[in-house]
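To find a chain, count down the sequence lines: A is the first, B the second, and so on, and within it residues start at 1.
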There are 2 protein chains.
Amino acid sequence: MALTEYFVRYLQRRDTLTDDDLARLRSVPTEIRSFQPGDEIVPAGPNKTRSCLILKGMAGRLHLLPGRSAQRVITALHVPGDFVDLHAFVLHGIEHSVVAVGPAEAEFIGHDELTEITENYPHLTRLLWMSTAIDAAIHRQWLVAANALRSSAHLAHLVCEIYTRLMAVGAARDYRLTLPLLQRELADILGYSSIHINRAVRDLRDRELLRWTGTDIEIIDWPGLVRLARFDPEYLDLERRRR
Amino acid sequence: MALTEYFVRYLQRRDTLTDDDLARLRSVPTEIRSFQPGDEIVPAGPNKTRSCLILKGMAGRLHLLPGRSAQRVITALHVPGDFVDLHAFVLHGIEHSVVAVGPAEAEFIGHDELTEITENYPHLTRLLWMSTAIDAAIHRQWLVAANALRSSAHLAHLVCEIYTRLMAVGAARDYRLTLPLLQRELADILGYSSIHINRAVRDLRDRELLRWTGTDIEIIDWPGLVRLARFDPEYLDLERRRR
DNA sequence: ACTGGAACTCAATATTTGTTAGACCCCCGG
DNA sequence: CCGGGGGTCTAACAAATATTGAGTTCCAGT
């Protein structure tokens with residue numbers, strides 16, 4: 001199988017790919033697999049030999065804490081086009097697992113291919129590096145949101161970000177999105193109890209900022225949601241630029 | 001001025017540098033500057049043409065939130081040897097400023113040099129990439145700590161991490177370290193009020209885990225501190241390995 | 001249609017954290 | 001020697017969030 005177009009679009013959104021770059025990307029052999037909700041796409045651990053991209057659905061980075069209480073923390077959410085565990089290429093492994101949230105499809109690429117790209121395609125290499133740098137910027141924004149926002153605003157921030165990221169790859173429009181997350185999983189992401197997530201959802205509904213039933217969200221008042229969340233998409237680096 | 005040895009040590013701790021790699025690193029021209037506590041080392045904004053390494057003291061990544069309350073969040077702390085804003089090389093700029101915490105010294109490197117390295121030194125390129133990937137892993141661990149730990153344990157986690165990172169570059173030993181942070185700044189890092197930070201510091205003292213006066217910390221009970229913080233240095237990727 | 005489980009909803013209560021206000025202490029300039 | 005400012009520390013009270021337990025809805029399987 002050849003590398004699908006999602007990641008190509010992700011890159012072209014931010015830079016111009018040369019014909020050589022494109023040809024090299026399209027020549028990468030990949031394996032595509034499907035996953036059920038909760039399935040482990042990549043287990044935590046050292047010595048990875050490949051990394052994966054999301055094709056359909058969503059994936060999360062799940063950290064399991066040692067100790068009796070078995071706490072779960074999800075430190076990242078990934079949408080189609082995201083090169084989820086690309087960082088495992090330069091690290092000794094990953095300290096978290098990657099799990100499917102909702103039904104999902106992922107595409108695997110061998111690290112030998114990536115090594116060859118870093119040896120001969122410097123521009124492409126910088127773009128791969130950029131992709132991991134954007135993930136890091138998202139991590140920082142999550143830290144900012146966690147420290148500065150109250151539960152409702154914090155939840156609103158997540159909705160704003162995911163909608164913007166889905167829009168950027170053409171996977172959402174008309175202020176509608178599917179968020180295949182249980183309230184319990186939202187709790188693992190935002191660091192609240194699931195009961196408190198429930199309060200926050202109710203609050204956003206009561207303020208008439210959005211409609212939220214099950215996994216379907218319709219944003220009614222985008223400016224209001226953005227204001228409450230103090231959302232500024234700057235950190236997603238969506239501008240086209242020479243890298 | 002030639003690139004100082006701190007970053008070289010940072011890399012050699014994790015991989016073996018070839019003579020070519022070493023020679024190229026040492027040929028990088030740099031500018032060294034000193035900063036007073038609170039000084040802005042790098043302003044937030046787009047189109048950066050160089051990035052900086054910490055030589056002495058510490059630096060933080062400061063995010064200022066729009067809005068009347070002027071909230072401050074510090075999303076990262078950097079110690080000597082850290083290539084603080086290397087990610088600005090592949091992004092369109094940085095969405096936060098870099099400020100000195102305590103008196104500090106930093107070394108600046110032009111992005112043209114980095115571009116040349118990515119064109120001709122693939123192994124070195126992967127190591128630079130690794131450095132930003134480790135920063136991202138630290139971001140994730142901070143998210144885990146923020147979501148899973150209570151104030152005292154959260155503060156203990158920060159102390160464990162900083163001590164480990166200082167040890168790794170030879171800037172701390174004998175369970176003693178200098179943390180040039182006001183309690184107000186610790187509040188900006190951990191997301192609590194400064195009064196609550198005070199409570200947490202007192203709590204760690206009362207549990208006889210450490211002595212903490214001003215900026216000087218002496219860890220009395222390292223195993224106890226590690227247990228409370230559930231600290232596992234795995235994410236700092238301190239193993240030597242071919243990349 | 002029944003049934004069981006899982007998720008969502010809600011209220012009462014406990015714990016954690018924030019806010020306000022002030023005391024203490026040390027350093028430094030007048 | 002005195003006085004002011006900033007940082008640290010403490011207490012009392014207020015607000016946010018967690019926990020527990022129970023009721024409700026929804027859906028898959030029988």
Side-chain angles (χ1 to χ4, degrees), chain A residues 36-38 65 67-74 101-103 143 145-159 178-207 210-217 228-229, chain B residues 36-38 65 67-73 101-103 145-159 178-207 210-217 228-229:
Chain A
Q36 294 305 308
L65 265 84
R68 48 235 135 89
S69 45
Q71 270 170 293
R72 300 157 50 91
V73 180
I74 293 172
V101 299
L143 279 166
N147 284 10
L149 304 179
R150 297 281 125 113
S151 52
S152 302
H154 195 176
L155 177 58
H157 191 279
L158 182 69
V159 173
T178 300
L179 198 61
L181 289 164
L182 304 178
Q183 294 192 349
R184 162 167 50 84
E185 291 170 321
L186 278 169
D188 293 337
I189 292 172
L190 299 176
Y192 302 97
S193 65
S194 57
I195 286 91
H196 205 67
I197 292 293
N198 189 280
R199 285 196 270 256
V201 171
R202 202 190 325 164
D203 185 50
L204 294 185
R205 264 198 292 247
D206 290 349
R207 292 169 187 251
L210 44 71
R211 275 188 268 275
W212 189 328
T213 47
T215 60
D216 295 323
I217 297 175
L228 175 65
Chain B
Q36 293 305 307
L65 265 85
R68 49 232 136 88
S69 46
Q71 271 171 291
R72 300 158 50 91
V73 180
V101 299
N147 284 9
L149 304 180
R150 299 276 117 117
S151 52
S152 303
H154 195 176
L155 176 59
H157 190 279
L158 181 69
V159 173
T178 299
L179 198 61
L181 290 164
L182 303 178
Q183 295 192 348
R184 161 166 49 82
E185 291 169 322
L186 278 168
D188 294 337
I189 292 172
L190 299 176
Y192 303 97
S193 65
S194 57
I195 285 87
H196 205 67
I197 291 293
N198 190 281
R199 284 197 269 255
V201 171
R202 202 190 325 163
D203 185 49
L204 295 185
R205 265 199 290 250
D206 290 349
R207 292 169 187 250
L210 44 70
R211 275 187 268 274
W212 188 327
T213 47
T215 59
D216 295 324
I217 298 175
L228 176 65

> Output all residues satisfying side chain to side chain contact (heavy atoms under 4.5 Å, CB included) with B:Ala200, sequence neighbours left out; order by chain, then residue number.
B:Ser151, B:Ser152, B:Leu155
> Using the side chain to side chain contact (heavy atoms under 4.5 Å, CB included) definition, which of the options B:Leu190, B:Ile195, B:Ile189 pairs with B:Tyr192?
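Checked B:Leu190, B:Ile195, B:Ile189 against B:Tyr192; only one passes side chain to side chain contact (heavy atoms under 4.5 Å, CB included): B:Leu190.
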> Distance check, rounded to the nearest 0.5 Å: A:Leu181 atom CG versus A:Leu186 atom CG?
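Going from the CG atom of A:Leu181 to the CG atom of A:Leu186 covers 5.0 Å.
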> Please give the angle, rounded to 10 degrees, between the axes at the start and the end of the helix from C:dA1-D:dT30 to C:dG30-D:dC1, where five pairs define each axis.
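The value is 30°.
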> Send over the distance from A:Leu186 CG to C:dT9 P, rounded to a whole Å.
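Value for this atom pair: 12 Å.
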> For residues 185-203 of chain B, pull every pair meeting salt bridge (Lys or Arg N to Asp or Glu O under 4.0 Å), keeping only residues two or more places apart or in separate chains.
B:Arg72-B:Asp188, B:Asp203-B:Arg207
> What's the spacing between A:Ile197 CD1 and A:Leu158 CG if we round to 0.5 Å?
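Rounded to the nearest 0.5 Å, the CD1-CG separation comes out at 9.0 Å.
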> Restricting to salt bridge (Lys or Arg N to Asp or Glu O under 4.0 Å), what partner residues turn up for B:Arg211, sequence neighbours left out?
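Salt bridge (Lys or Arg N to Asp or Glu O under 4.0 Å) check on B:Arg211 returns B:Glu218.
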> Report, as a single string ordered 5' to 3', how protein heavy atoms within less than 4.0 Å touch nucleotides 7-18 of chain D: B base, S sugar-phosphate only, - not at all.
SSBB-B---SBB
> Return each pair, listed once, that meets salt bridge (Lys or Arg N to Asp or Glu O under 4.0 Å) where at least one residue sits in residues 146-158 of chain B; pairs must be two or more places apart or across chains.
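Not a single pair qualifies under salt bridge (Lys or Arg N to Asp or Glu O under 4.0 Å).
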> Do you know the tightest heavy-atom contact between B:Gln71 and A:Ala148?
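Answer, listing the atom of B:Gln71 first, then A:Ala148: NE2-O, 3.3 Å.
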> Measure CG/B:Asp216 against P/C:dC26 and give the value in whole Å, please.
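In whole Å, C:dC26 P lies 16 Å from B:Asp216 CG.
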